[in-house]
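Here's the structure we're looking at; comments come further down.
All heavy atoms count here, side chains included; hydrogens, waters and symmetry mates do not.
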Amino acid sequence: MHREIKKAALLLQQNALVAFPTETVYGLGGNALSDDAVAAIYAAKGRPQFNPLIVHVVSLEEAEHYAQFNGAARLLASHFWPGPLTLVLPRLKDSPLSLLVSAGLDCVALRSPAHPLAQALLAEANLPIAAPSANRSGRISPTEAAHVRDELGDRIAMILDGGPCSIGIESTVVELGEKPVILRPGSITETQIRQYLPDIQTAGTSAAIHAPGMLASHYAPTLPVRLNALEVQPGEALLAFGPSIAHALTISQNLSLTGNLQEAAANLFRMLRRLDASNARRIAVMPIPQEGLGVAINDRLTRAAAPR
Ligand code: TXA
Ligand code: MG
């Protein structure tokens, strides 16, 4: 694996694109100091230019070279980094990061991932790595190297294969302006953040304007999606949750037979992909409890079901 990491690091230094595993989902990485590399990321994803990217860093110490940290930001970083938390902060005036990663905003999203391969790659490349999820724009996030190969294989220099992602759902995005606010729910829950920032708010729909990544139709499979399904209709594939009714004749996947939300998050995107590739006409999704990780899972499912 060490040789693979060396090769990937060298490619990043040459401004080529490398997909790599994180604990949440696979990222489509490029040198965050280079406009060329960042532009190549947008092009490979087919991502609208106004949708800014997360910059991955080795540590809080490195991050402080790129953005302005206040007390709240340091507090969250010291408790949750490395890990699945992204902090949106004002760029330093002389920040060396490509302006393109901010897509015209004066803030930047930073995260230090916990996955050992991501950490090894960041250290070996000795660069900040801009990386959105490694899927084509608007599609389901990849949680295995094969997902990346299917969608982007012909557009990138290398895929670093770290097996399936342990968390399977993207990081929580928190903006630390005057009032700290959760822009995107993710695997760190609001309750966890509230322990350190009691006044944390969650973004309502108005945040859609502020966090352009929160487009209503996002994470979309090809097939239409029906939420809160209590039964399966003809022609539907079922995404089940919990110890449910037998679905012998139905194309189905179960997010978690035992009703475990962490297991469900890890399975979500892989199972959606599998059902999407079936010959069903629609995907029916059973209700998921709106608590803990269920909030992030329902956020992704609502986007998958949004009118396109
Ligand atoms: O878990 C994750 O966060 C994965 C892994 C690869 O780190 N990355 C990921 O990136 O999900 P992406 O690009 O698919 O989603 C980034 C989210 C988007 O909702 C985007 O709008 C928001 O972060 N974001 C990025 N930069 C921002 C900024 N400067 N201000 C506000 N929101 C920002
Ligand atoms: Mg994404």
- Query: When hydrophobic residues are tied together by side-chain contacts of less than 4.5 Å, even through go-betweens, does L89 share a cluster with L197?
  - Reply: yes

- Determine, for R111 against E23, whether the closest basic-nitrogen to carboxylate-oxygen distance falls under 4.0 angstrom. yes

- Item | Any side-chain heavy-atom pair of L53 and V108 under 4.5 Å | no

- Where the side chain of N298 meets the backbone of G294, is there a donor-acceptor pair that is under 3.5 Å apart? yes

- Query: CD of Q233 to CG of L238: how many Å apart, nearest 0.5 Å?
  - Reply: 11.5 Å

- Are a donor atom and an acceptor atom from the side chains of S171 and T24 found within less than 3.5 Å of each other? no

- Look only at the side chain of S112 and the backbone of V58, and say whether a donor-acceptor pair between them is shorter than 3.5 Å. yes

- Query: Are any side-chain N or O atoms of S102 and backbone N or O atoms of C107, one a donor and one an acceptor, separated by less than 3.5 Å?
  - Reply: yes

- Message: I want to check something: taking the side chain as every heavy atom from C-beta on, are P21 and D161 in contact at a cut-off of under 4.5 Å?
- Response: no

- Got a sec, which pairs hit ring pair (Phe, Tyr, Trp, His ring centres under 6.0 Å) with one end in residues 170-199, sequence neighbours left out? H79-Y196, F80-Y196

- More than 12 foreign heavy atoms under 6.0 Å from CG of D199: is that the case here? yes

- Message: Please find the pair of heavy atoms, one from A19 and one from V148, that lie closest to each other, and give the distance.
- Response: CB-CG1, 3.7 Å

- Query: Are L87 and L92 connected, step by step, through hydrophobic side chains (Ile, Leu, Val, Met, Phe, Trp, Tyr) whose heavy atoms are closer than 4.5 Å?
  - Reply: no

- Task: Calculate, to the nearest 0.5 Å, the distance between atoms CG and CZ belonging to L28 and R136 respectively.
- Result: 11.0 Å

- Message: Any heavy-atom pair between the side chains of I182 and V173 that's under 4.5 Å?
- Response: no

- Query: Between the side chain of N31 and the main-chain N/O of Q14, is any donor-acceptor distance below 3.5 Å?
  - Reply: no

- Query: Rounded to the nearest 0.5 Å, how far apart are CG of D94 and NE2 of H65?
  - Reply: 11.0 Å

- Query: In this structure, are over 12 heavy atoms from other groups packed under 6.0 Å from Q262 atom CD?
  - Reply: no

- Kindly compute the distance separating CG (L152) from CD1 (I159), expressed to the nearest 0.5 Å. 7.5 Å

- Test: R149 and E144 ion pair at under 4.0 Å: no

- Message: Checking the side chain of E64 only, and the main-chain atoms of E61 only, is there a donor and an acceptor separated by less than 3.5 Å?
- Response: no

- Any chain of hydrophobic side-chain contacts (each under 4.5 Å) joining I200 to V295? no

- Check whether any side-chain N or O of K45 sits under 3.5 Å from a backbone N or O of N135 as a donor-acceptor pair, and report yes or no. yes

- Taking side chain as C-beta onward, heavy atoms only, is L239 less than 4.5 Å from L275? yes

- Linking I/L/V/M/F/W/Y whenever any side-chain heavy atoms sit under 4.5 Å apart, do L257 and V285 land together? no

- Query: Any salt bridge between R139 and D276, counting N to O under 4.0 Å?
  - Reply: yes

- Query: Is there a donor-acceptor pair closer than 3.5 Å between any side-chain N or O of Y66 and the backbone N or O of V57?
  - Reply: no

- Task: Under the side chain to side chain contact (heavy atoms under 4.5 Å, CB included) rule, what do L176 and F69 come out as? Steps first, then yes or no, please.
- Result: CA-CA 9 Å; L176 289 149; F69 277 71; over 6 Å; no

- Item | Student check: side-chain heavy atoms of L12 and L121 closer than 4.5 Å | yes

- Smallest heavy-atom separation, A157 atom then A16 atom, equals CB-CB, 3.9 Å

- By salt bridge (Lys or Arg N to Asp or Glu O under 4.0 Å), E236 pairs with (sequence neighbours left out) R226, R282

- Same cluster or not: are M158 and L117 linked, directly or through other Ile, Leu, Val, Met, Phe, Trp or Tyr residues, by side-chain heavy atoms under 4.5 angstrom apart? yes

- Note on the structure: The ring-ring contact (aromatic ring centres under 6.0 Å, His included) partners of H56 (sequence neighbours excluded) come to F20

- Message: Is it the case that the side chains of E190 and T202 hold a donor-acceptor pair, with the cut-off being a distance below 3.5 Å and no angle test?
- Response: no

- Calculate, to the nearest 0.5 Å, the distance between atoms CG and CD belonging to L268 and E263 respectively. 12.5 Å

- R91 side-chain N/O to L97 backbone N/O, donor-acceptor pair under 3.5 Å: yes

- Query: Rounded to the nearest 0.5 Å, how far does CZ of R155 lie from CD1 of I41?
  - Reply: 13.5 Å

- Side-chain donor/acceptor of S34 to backbone N/O of D36, under 3.5 Å: yes

- Look at the side chain of E175 and the backbone N and O of V88, then say whether any donor-acceptor pair between them is shorter than 3.5 Å. no

